[in-house]
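See below for the structure under consideration.
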Amino acid sequence: MGDIRLLPDVLASQVAAGEVVERPASVVKELVENSIDAGASRITVEFLRGGTRLIRVADDGRGMDRSDALLSIERHATSKIRESADLAAIMTLGFRGEALPSIASVCRFRMFTQRREDKAGTVLEVLGGKLHEVRECGEPPGTRIEVGDLFFNVPARRKFLRGEQTEAAHLLKQIETLAVAYPRISFVCLRDDKEVFRLASTEDLAVRLRDLHGEDFLKLLVPVPCLERDGVRVHGWIARPGEGRTDRAQQMLFVNGRMIRSPVLSMPLREASDGMLAKGLHPPAILFFEMDPAAVDCNVHPAKREVRFRDPGLLRSVTLAAARAAWERAFPSQITPGSALPDPLFPPITRSEGLSPSFANQGEFLTGRNFLPSRGDESPQDVSESPLSIPRYLGMLSSRYLLFEEQGSLTMVEIRAARERLLYESFLARLATGELESQQLLMPEILEMSPADLAWIDAHRSILHAAGLVAESFGRASLKVDAVPAAVSLLPVMEIVVRLVDELRTLGDSPELDRYGREALASSVSRLAASGARMPSGEVGAVMLLRELLACDLPYATPAGRPTMTQISSGELQRRFMA
Ligand code: ADP
Ligand code: MG
């Protein structure tokens with residue numbers, strides 16, 4: 001007889017649990033998603049000791065009758081799809097019918113459930129995957145599921161759990177993610193019998209974000225106006241320039257109400273932030289993508305954290321356009337007559353443009369109830385209401401900041417950062433068609449260099465040439481410099497070479513340099529040039545600098561993401577003086 005045999009059901013579920021249930025947070029994800037699918041308007045999550053001792057999720061959703069309750073813990077039992085065609089158009093968060101049996105096979109499991117229309121409810125107890133007890137009970141309508149002693153019967157998995165603090169952190173993060181995705185649903189969370197948060201139902205994502213993370217978090221963000229293209233709709237919030245992060249932990253990308261990780265969406269975000277954030281930084285973002293369920297395959301990852309898009313190119317371009325639109329709109333590039341400067345520090349956050357109510361409808365969208373997409377392209381907010389005004393120069397502070405007054409608000413410009421942005425854009429424009437202007441030295445300068453630096457410079461001569469630096473090795477350990485970038489010709493030649501080479505080298509090897517070459521050059525040279533620039537002279541120079549800055553494509557930060565200016569609104573001034 002061969003060695004192949006069918007796994008007993010409990011064992012099969014435990015194997016499946018390995019994929020679906022990694023840790024307490026994944027249990028919470030599955031249970032809360034089920035509650036959302038069941039149309040809940042209020043969900044309570046309690047847990048003890050990082051969720052290892054107990055997780056309890058209670059909802060006021062539609063509940064189950066006795067036979068459905070029994071079926072729900074059978075493998076591949078789901079009410080959500082019936083035939084394979086349904087897989088192509090999933091409107092719910094769950095569809096595999098795998099979560100409950102998987103979870104029940106690795107814990108002490110109890111379910112209380114009752115439908116609104118029934119007189120009695122059902123209690124099920126399952127111990128390590130074996131049905132232990134079924135009885136009748138009287139329950140409020142809805143479903144409550146308790147997961148006790150997770151992995152009590154799978155010691156190998158229990159060993160992999162981290163400390164209670166870590167598991168609790170993952171678990172809370174998971175609830176927060178779901179709470180952001182469904183602001184319409186009220187969430188209550190208790191940790192070791194203490195309330196962590198109690199979130200009221202709201203139509204407005206901004207309110208939910210503030211309830212969860214506080215006012216300061218919202219101040220880091222600007223709204224992404226709703227944008228629609230070829231059946232893909234996106235909106236949400238994205239970081240202000242200069243608010244980049246080294247990882248993507250603060251990116252929440254939702255596709256049809258489900259948070260996913262996907263390079264198709266995160267790469268264009270990074271691309272869009274070129275010139276807004278330092279290289280290598282990611283913009284925090286909370287974006288909601290909605291599309292025909294058939295345009296996205298959710299069935300590629302056991303925990304559904306990844307998806308496959310039918311048209312990744314479309315998603316990419318929509319993401320890029322949305323991020324750019326958000327920044328453009330938040331920071332209009334021209335000082336149009338009468339437009340007040342947008343306030344980069346204290347934005348009017350309560351404005352809910354960009355947060356179309358449709359996004360709050362997602363819970364309903366996913367459960368298939370009255371999804372009425374609102375047209376996403378509402379006309380942009382009109383900023384030209386205030387009377388024409390010209391910023392008035394007040395003076396210079398510490399030889400470093402220019403101060404302006406405009407309609408009672410105070411604008412501060414950091415001179416060097418402003419110069420850097422200005423020069424960067426003009427260099428970039430020049431590099432698009434040719435090379436940066438170079439200044440021939442009267443006499444070539446000979447610099448001592450390490451052989452490694454020399455080799456690098458020789459290998460990248462054409463790039464350096466484009467920056468206006470004409471140099472080549474001269475003997476074994478020296479460099480002959482014939483010309484330097486005109487914009488920095490006042491700086492010592494050694495400083496120019498060392499700083500340019502250092503900066504460009506951080507970009508790594510040629511492919512990177514090819515891709516980012518122009519931006520990198522423009523950015524390095526502008527930083528150099530700004531460091532040697534003269535102070536603006538008097539009022540005329542100061543106002544000119546401000547106007548030139550505001551005429552830039554992206555005036556509010558240097559290419560490396562340092563702010564160029566900041567503003568204190570008259571309201572904020574009053575608040576500070578408690579006036
Ligand atoms: P899936 O969500 O993939 O369908 P699950 O194993 O998570 O599979 O759940 C199985 C079934 O149990 C669901 O299809 C649903 O009908 C029912 N169910 C689970 N949780 C709830 C709940 N909180 N309220 C109502 N029904 C539920
Ligand atoms: Mg499910």
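Side chains included, hydrogens not; waters and symmetry mates left out as well; all remaining heavy atoms used. First listed ligand is number 1; within each ligand, the first listed atom is number 1.
- Ionic pairing of D149 and R53 is present here: one or more N-O contacts between side-chain nitrogen and carboxylate oxygen are shorter than 4.0 angstrom.
- Among the atoms of T143, some N or O lies under 3.5 angstrom from an N or O of ligand 1.
- A salt bridge does not link E136 to R66: none of the charged nitrogens lies less than 4.0 Å from a carboxylate oxygen.
- Distances from atom 21 (C) of ligand 1 to the heavy atoms of M64, E74, R144 put M64 nearest.
- The number of heavy-atom neighbours closer than 6.0 Å to CZ of R158, taken from other residues, nucleotides and ligands shown, is above 12.
- In this structure, the side chains of H235 and L227 stay at 4.5 Å or more apart for every pair of heavy atoms.
- Looking at ligand 1, you'll find an N or O of L100 within less than 3.5 Å of one of its N or O atoms.
- A cation-pi contact links R108 to F152, judged by a cut-off of 6.0 Å to the six-membered ring centre and 45° from its axis.
- If you look at D68 next to ligand 1, there are no close heavy atoms at all, none under 4.0 Å.
- Between R62 and ligand 1, no pair of N/O atoms sits closer than 3.5 Å.
- Every N/O-N/O distance between I145 and ligand 1 stays at or above 3.5 Å.
- Contact annotation: for P101 versus ligand 1, heavy atoms closer than 4.0 Å belong to the side chain alone.
- Proximity of a side-chain donor or acceptor of D292 to a complementary backbone N or O of A294 within less than 3.5 Å is detected.
- Here's the thing with D37: none of its N/O atoms is less than 3.5 angstrom from an N/O atom of ligand 1.
- Between the S273 side chain and the P283 main chain, no donor and acceptor come within less than 3.5 Å of each other.
- Contact annotation for A99 and ligand 1: heavy atoms of both the backbone and the side chain come within less than 4.0 Å of the ligand.
- Only backbone heavy atoms of E98 (N, CA, C or O) come within less than 4.0 Å of ligand 1; its side chain stays farther off.
- With salt bridges taken as basic N to acidic carboxylate O contacts below 4.0 Å, none links R208 and D211.
- The shell of residues lying under 4.0 angstrom from ligand 1, judged by heavy atoms, excludes E30.
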